[in-house]
Amino acid sequence: TGCRVCLTRNMSSSPPRLQGCMSAWIIDQYGSNGVLKYTEETTVPTISSATEVMIKVHAVSLNPLDVAMRGGYGAKLLKLRRDPLSVMDNDTEFPLILGRDLSGVVVDCGSGVTHFALGDEVWAAVPPWKQGSLAEYVTLTEYEVSHKPKVLSHIEAASIPYVANTSLSALVNGGGLCRDSSSNKRVLITGGSGGVGTFAIQLLKAWGAHVTVTCSQNAVGLVRGLGADEVLDYTAGDVVEQLEMMEKFDVVFDGVGGDTEEWAMGLLKPWSGAKYVTLVTPLLLNTDSMGLLDGTLNAGFSLQIKAIQNLLSSGIFYRWGFYAPDGPALDEVSKLVDAGKILPVVEAQFSFTQVPQAFQKLEKGHARGKTVVRVA
Ligand code: NDP
């Protein structure tokens, strides 16, 4: 295609790339930060189907999932999704490239690509079963990619896609919310100061919802600045007691997990279609520890039990929320960003040589928005 010719022309000044190698951070075993390795010998992921686009990565942001996957989290289920035929074989996923978000430029297109052209600035959240974005190039289907908001730099844009796709998938499919149905809905977000929370607050405010947030004392100013209507410092006194004194909620969006679900149910409006959606689910942990079949069955069973119990006792829907790749959803977010309704929240920036330091930052917790890595 024209794109591929252009790629060759672009690459002609760069012999190593003509040989199909690129720089990337890889792991070839699971473990702590020491397993992260920089290499210039990773194969460039060229176009293998008509609907794929190849992107030169300019910036990447990290998510708690990257730290967890570095340690082997979800390995069994993700391996099944990558290649069902090799699920019983050892180490077939290595060398594995982590990194989910990206902002970059299209450098090659499959013959059936209709929405993108060479040189387009794009953003995307790479599914965890695909090779990640801590690399010079990533190849995705065009459905997974979206045009980057014009007002954002690559660094800023890279901070949004994964938390945006997660929030949209969880709030729309799990929470039953959307642009036209959120006005006057009361939503509680737990963990409002992190990557997901700082995005979800802004999305829900853009949709007209009333947003209450729990966070630590030193994040109160940040989440208020993003538009949260009520902010409760969970480190000062009994936050559950304070929440119980408030008007009940239509949706609880839980980014903290643990015992939150034990008290959050009582904060929802009974018998009114209210929904509790949690991002902290045992599915991947169960498949890691119990195996694919037992782990999936166990997780599915516990989900069904909780869903039925809550529905029968108070008419509340209990749901798990998940990231889902969705370029068209990012198109909608792009419009909100260009309209100034959603701002990027970049807490820390690292260069491509500092990827291990970026992981260390994430491992310390207490995120206030996102950690971004400059690649190009
Ligand atoms: P971050 O690490 O970016 O943010 C977590 C935030 O929660 C931090 O700001 C932290 O700050 C705050 N926090 C911690 N404890 C509490 C508490 N008890 N009450 C209120 N706030 C608290 O994570 P993300 O926002 O990226 O993700 C949130 C969760 O969702 C993670 O567990 C992640 O793994 C999960 N997730 C799941 C997905 C899925 O597909 N199911 C997809 C994306 C995320 P501080 O400690 O200072 O209070």
Side-chain angles (χ1 to χ4, degrees), residues 61-71 73-74 77-78 81 99-101 125-129 158-175 188-203 212-223 226 228 230-240 242-243 252-264 267 277-287 299 303 319-326 344-348 358-372:
S61 79
L62 296 183
N63 293 277
L65 179 65
D66 291 304
V67 174
M69 279 179 68
R70 191 198 64 202
Y73 173 74
L77 204 56
L78 293 173
R81 183 69 175 74
R100 306 270 62 93
D101 298 280
V126 182
W129 51 89
S159 68
I160 293 179
Y162 188 76
V163 295
N165 275 157
T166 299
S167 301
L168 278 158
S169 154
L171 291 171
V172 174
N173 302 325
L188 168 66
I189 301 174
T190 63
S193 50
V196 173
T198 51
F199 175 83
I201 292 167
Q202 300 184 81
L203 178 74
T212 301
V213 170
T214 65
C215 66
S216 306
Q217 195 273 329
N218 68 1
V220 170
L222 169 69
V223 300
L226 296 172
E230 308 271 356
V231 183
L232 301 180
D233 169 11
Y234 78 92
T235 63
D238 188 344
V239 75
V240 182
Q242 294 172 58
L243 285 164
V252 172
F253 184 36
D254 184 8
V256 172
D259 67 356
T260 307
E261 68 180 51
E262 285 162 27
W263 47 261
L267 305 175
V277 187
T278 181
L279 292 178
V280 186
T281 84
L283 178 62
L284 294 184
L285 281 178
N286 278 8
T287 52
L303 172 64
R319 289 176 177 165
W320 289 350
F322 290 103
Y323 151 83
D326 189 346
V345 184
V346 177
E347 181 189 12
F359 272 76
Q360 276 166 0
K361 155 80 183 79
L362 236 73
E363 278 182 294
K364 286 184 188 146
H366 308 299
R368 300 289 176 258
K370 295 299 304 271
T371 291
V372 181

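Order of appearance sets the numbers: ligands from 1, and atoms from 1 within every ligand. Numbering of residues begins at 1 and proceeds along the displayed sequence. Atom set for the values below is all heavy atoms of this structure, side chains included, hydrogens, waters and symmetry mates excluded.
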J.: Nearest 0.5 Å please: distance from the CD atom of E363 over to the CZ atom of R70.
T.: 4.0 Å
J.: Show the nearest heavy-atom pair for residues T214 and T190, with the distance to one decimal.
T.: OG1-CA, 3.2 Å
J.: Could you work out, with side chain to side chain donor-acceptor pair (under 3.5 Å) as the rule, every residue matching T198, not counting sequence neighbours?
T.: none
J.: Starting at CG of L168, measure out to OH of Y323 and round the result to the nearest 0.5 Å.
T.: 12.0 Å
J.: Return the protein residues near ligand 1 (heavy atom under 4.0 Å from any of its atoms), ordered by chain and residue number.
T.: P64, Y162, T166, G191, S193, G194, G195, V196, T214, S216, Y234, G255, V256, L279, V280, G321, F322, Y323, H366, A367, R368
J.: When rounded to the nearest 0.5 angstrom, what is the spacing between NZ in K370 and CG in N63?
T.: 3.5 Å
J.: Do W320 and V277 come close enough that some side-chain heavy atom pair is under 4.5 Å?
T.: no
